[in-house]
Amino acid sequence: MTKRVVLAYSGGLDTSVAVHWLQAQLGYEVIAVAVDVGQGADLEAVRERALGTGAVEAVVIDAREELARDFAVPALQANALYESRYPLVSALSRPVIVRHLVAEARRHGATAVAHGCTGKGNDQVRFEVGTRALAPDLDIVAPVRVWGMSREDAIAYAERHGVPITASREKIYSIDENLWGRAIECGIIEDPWATPPEDVYARTLETAAGPVEVTIGFEAGVPVSLDGKQLDIVSLVGQLDALVGSTGFGRIDIVENRRVGIKSREVYEAPAALALVLAHQDLEGLTLERDVAHEKLRLEPRWAELVYDGLWYSPLREALSAFIASTQRHVTGEVRLRFSPGGGCSVVGRRSPVGLYDYGLATYDAADAFNHEDAEGFVRIFGLGITTWAARQGAAGGGGAGAAGGEHA
Ligand code: ARG
């Protein structure tokens, strides 16, 4: 029996050439798997192209809901922003794709999994570490990393072997897109000083005439409604993305540290993801107990780092997710966001039926449930250590904290 490989197929130049190459060079039968993560491509056409290129099977899987529910929502609950900025768009879709590659490998009796990543990026790490975590017995093949062809060479290869491609010689950007956002690389933006030209953007084009206000409803840390209308998670993310993207909100322009040690200039568009994180962080401010909130803030960057690094399927990511999940029980309520023309956004209100905000405790007005006399003893004991320390400074002839710190009047 001919050995089989399952290829993560996008329909682009590299994976199309890979279908041919895996057969011609390595003698594999190729099963092409195209996963719909909300990239907005015509995947039926992509499937046809895979078959036209010689794949023995071509499978299209709609994983949008799975990506949203099992990956994007946990990322939102972790307020996950890698290096404080990047909402992990590509890093979230790879583990979903891996899950399906492994399942298809089992279904079709394949012994290997292949992907079209280069050796310079994070996505190879995510594909391979993920695959090894779920199926350590499968081989991994990365044609683009070994075939030594430039983009020009790959186009020539396709022409030579009758591989149908839609790529043109002057493709400028490398785009990776899903429902959580859009990543743009290559071309002029490889110069970190260069302003990204308008043509890199697709989801943050400013078309709204004035400011936009939107109310996002959460139940136990899951976004469930927009402006009071209940929506399934895929529709909610899609509608919110279009709505707030139309104010120009959602652009990110950073120099990012890849796992492989390369700094790279990245441009992203993630209107819904960024709006949801803002709203969710704010609702946590209202609903999480102080120590839980502070501990969670410490763990969030670690969660984002692990997922960025391709360690979705790892015991630490799972353990941190268990902590985060347990904090979300009462993250229920609504947050009002206001988007101003030009891409600005602020939270302008929040409310929760289970919030910990107590008007009677917080108010400076007369209606007051707070016992002011309790504060005197509390503050004295809170500061007792400092008072004792300061008294010693005085006894030693120093004269308090300023003297101890070497400060002079
Ligand atoms: N730097 C981002 C990340 O590592 C974006 C990667 C985009 N991937 C791509 N194949 N163009 O998550």
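Remember, it's 1-based here, ligands and their atoms both numbered in the order they're listed. Residues: numbered from 1 along the sequence shown. All heavy atoms count here, side chains included; hydrogens, waters and symmetry mates do not.
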Should the proximity of Tyr82 to ligand 1, defined as any heavy atom under 4.0 Å, be assigned to the side chain, the backbone, both, or neither?
neither

For ligand 1, which atoms sit closer than 4.0 Å to a heavy atom of Asp176?
7 (C), 8 (N), 9 (C), 11 (N)

With a heavy-atom distance limit of 4.0 Å, tell me whether Val89 approaches ligand 1 through its side chain, its backbone, both, or neither.
neither

If you count the atoms of ligand 1 from 1 in the order shown, which ones are under 4.0 Å from a heavy atom of Arg126?
3 (C), 4 (O), 12 (O)

Should Glu198 and Arg251 count as an ion pair when the cut-off is N to O under 4.0 Å?
yes

Nearest protein heavy atom with distance in Å, relative to atom 2 (C) of ligand 1
Tyr268 OH, 3.1 Å

With a cut-off of 4.0 Å, which atoms of ligand 1 are near a heavy atom of Ser174?
11 (N)

Identify, for atom 1 (N) of ligand 1, the protein heavy atom at the shortest distance, and state residue, atom and that distance.
Glu256 OE2, 2.8 Å

Aromatic rings His115 and Phe127: how do their planes relate, parallel, tilted or perpendicular, breaks at 30° and 60°?
parallel

Are side-chain heavy atoms of His108 and Val56 found at a separation under 4.5 Å?
no

With Arg126 as the cation and Tyr308 as the aromatic partner, state whether NZ or CZ is under 6.0 Å from the six-membered ring centre and within 45° of the axis.
yes

Distance to 0.1 Å, residue and atom name: give those for the protein heavy atom nearest to atom 12 (O) of ligand 1.
Tyr86 OH, 2.5 Å

Expected output: side-chain Glu266 to main-chain Glu256 donor-acceptor under 3.5 Å:
no

How does Arg182 reach ligand 1, by side chain, by backbone, by both or by neither, if only non-hydrogen atoms under 4.0 Å count?
neither

Please determine whether a side-chain nitrogen of the Lys or Arg among Arg151 and Asp14 lies less than 4.0 Å from a carboxylate oxygen of the Asp or Glu.
no

Under a 4.0 angstrom heavy-atom cut-off, which atoms of ligand 1 come close to Glu185?
1 (N), 5 (C), 6 (C), 7 (C), 11 (N)

Fit a plane to each ring of Tyr268 and Tyr86, take the angle between them on a 0 to 90° scale, and name the class: parallel (under 30°), tilted (30 to 60°) or perpendicular (over 60°).
parallel

Using the ring of each side chain (for Trp, its six-membered ring), is Phe370 parallel, tilted or perpendicular to His372, with breaks at 30° and 60°?
perpendicular

Can you pull out the closest protein heavy atom to atom 7 (C) of ligand 1? Residue, atom name and distance to 0.1 Å, please.
Ser90 OG, 3.4 Å

Which residue and atom name correspond to the protein heavy atom nearest atom 8 (N) of ligand 1, and how close is it?
Asp123 OD2, 2.8 Å

State whether the side chain of His330 and the backbone N or O of Val354 hold a donor-acceptor pair below 3.5 Å, judged by distance alone.
no

Ligand 1 atoms nearer than 4.0 angstrom to some heavy atom of Asn122 are 3 (C), 4 (O)

